[in-house]
Structure formats: structure tokens, C-alpha cells
Amino acid sequence: MTYTIQEVSQKVNVSTYSIRYYDDHGLLPTVKRDENNNRVFDDVDIEWVEIVTCLRATEMPLAKIKHYIELCLEGDKSVPERYRIMVEQQRETMAQAEKVQAHLRLINKKVDHYANVLINNKPDTLMPSKQSGKIYTQDF
């Protein structure tokens, strides 16, 4: 089965602009063209779009993604290096996730605080200190 760029965009929730960009930069190595020079995608191409999108979402630089794809195309001899790349990306993504979780914990505290203020009709005691620039509170 083949797909248009619009169908791929909807299927993997990536803009057509991004898909074209990835293809133009050699990150989608198996995309073909039809007689009108339109991109034609198959299931393998969709897998490439998904991995590129995943790696970009985890902040892997395009040059590193391109290198990873080139290694994939080399076959089994490059598995050790591809493994190292993925382990490194796994570590970096886990660190990113920990930072996001810390941010979410602070946001959750703020949401709870404001809900308490609204429900109990209390004054807002969670204000940045003008002297220190830090948040102070009587509730936490």
C-alpha cells in the first residue's frame, strides 16, 4: 500500500512541511517519486518518518540522525554503533523526562494552591519575593 504525504502527515501526526524537510535532507532514504514527481510513501517510509520524528522530539541533532540512518543502511555491521547511539539517546531522554517531571511537580503545587485559594476564598499567599526573586509561601 502507498500513501501521499498528506496521508502520512495525518497517520503519524507530523506536518507535511517536516516530512518534506526530512526527505530533502536525506533522512527518509527510501521515499520514491511518482510520474508527477510527488513523494510516494509505503509502510517502510512511515517507519523512517516515525523514528526521525521520535529522535527530533528527543532533541537529537539532524546531523546525528543522518549519521544514524546512514549506519542503518550499512546493515548489521553497524549494529554496535547504532546501539551506542540509542543508549546515549535513551540516557539523554531519561534526563529530559526527569526535568519535565520536576517542572510538573512545581506546576501541580501551583494548581493545588490556586484551587485552594479559589475554593476557600483565601488571599493568594504565593508571591515572588521582591527582595530575593524567589517564591515564598505560607502554605508550603
Sidechain N-carboxylate O distance under 4.0 Å for Lys64, Glu88: yes
Donor-acceptor contact below 3.5 Å, side chain Ser78 vs main chain Glu81: no
Connected via hydrophobic side-chain network under 4.5 Å: Trp48 and Val79: no
Exam field: side chain His25 to backbone Tyr21, donor-acceptor pair closer than 3.5 Å: yes
Interatomic spacing from CZ in Arg39 to CG in Asp34 - rounded to 0.5 Å: 11.0 Å
Thr30 side chain to Asp45 side chain, donor-acceptor N/O pair below 3.5 angstrom: yes
Nearest-0.5 Å distance, CD1 of residue Ile46 to CE of residue Met1: 8.5 Å
Heavy-atom pair with the smallest gap, counting every atom of Tyr3 and Asp43: OH-OD1, 2.9 Å
Joint cluster assignment, Val100 & Val111, ILVMFWY side-chain distance < 4.5 Å: no
Nearest heavy-atom neighbours spanning Gly26 and Lys66: CA-NZ, 3.8 Å
Joint hydrophobic cluster, Val52 plus Tyr17, side-chain heavy atoms closer than 4.5 Å: yes
Positive for side-chain contact (heavy atoms from CB on, under 4.5 Å) with Phe41, one of Val31, Thr2, Thr4: Val31
Interatomic spacing from CD in Gln89 to CZ in Arg84 - rounded to 0.5 Å: 15.5 Å
Between Gln6 and Thr16, a side-chain donor and acceptor under 3.5 Å: no
Common cluster, Val40/Leu27, ILVMFWY with side-chain heavy-atom separation under 4.5 Å: no
Polar side-chain atom of Asn36 near backbone of Asn38 as donor-acceptor pair, under 3.5 Å: no
Non-hydrogen atoms of Ile69 and Pro29 that approach each other most closely: CG2-CG, 3.8 Å
Approximate separation, where rounding is to 0.5 Å, of Thr58 OG1 and Gln96 CD: 6.0 Å
side-chain contact (heavy atoms from CB on, under 4.5 Å) evaluation trace for Glu59 with Thr93: CA-CA 8 Å; Glu59 300 180 7; Thr93 302; over 6 Å; no
Evaluation steps, side-chain contact (heavy atoms from CB on, under 4.5 Å), between Asp112 and Lys109: CA-CA 5 Å; Asp112 291 345; Lys109 283 182 182 180; 5.8 Å; no
In one Ile/Leu/Val/Met/Phe/Trp/Tyr side-chain cluster, 4.5 Å: Leu73, Ile65: yes
Closest non-hydrogen atom pair, Arg82 against Cys72: CD-SG, 3.5 Å
Reported CG-to-OH distance for the pair Leu28 and Tyr22, which is rounded to 0.5 angstrom: 9.0 Å
CA sep, side-chain torsions, deciding dist, call: Ile19, Ser9, side-chain contact (heavy atoms from CB on, under 4.5 Å): CA-CA 7 Å; Ile19 296 169; Ser9 173; 4.1 Å; yes
From Cys54 atom SG to Arg56 atom CZ, the distance as rounded to the nearest 0.5 Å: 11.5 Å
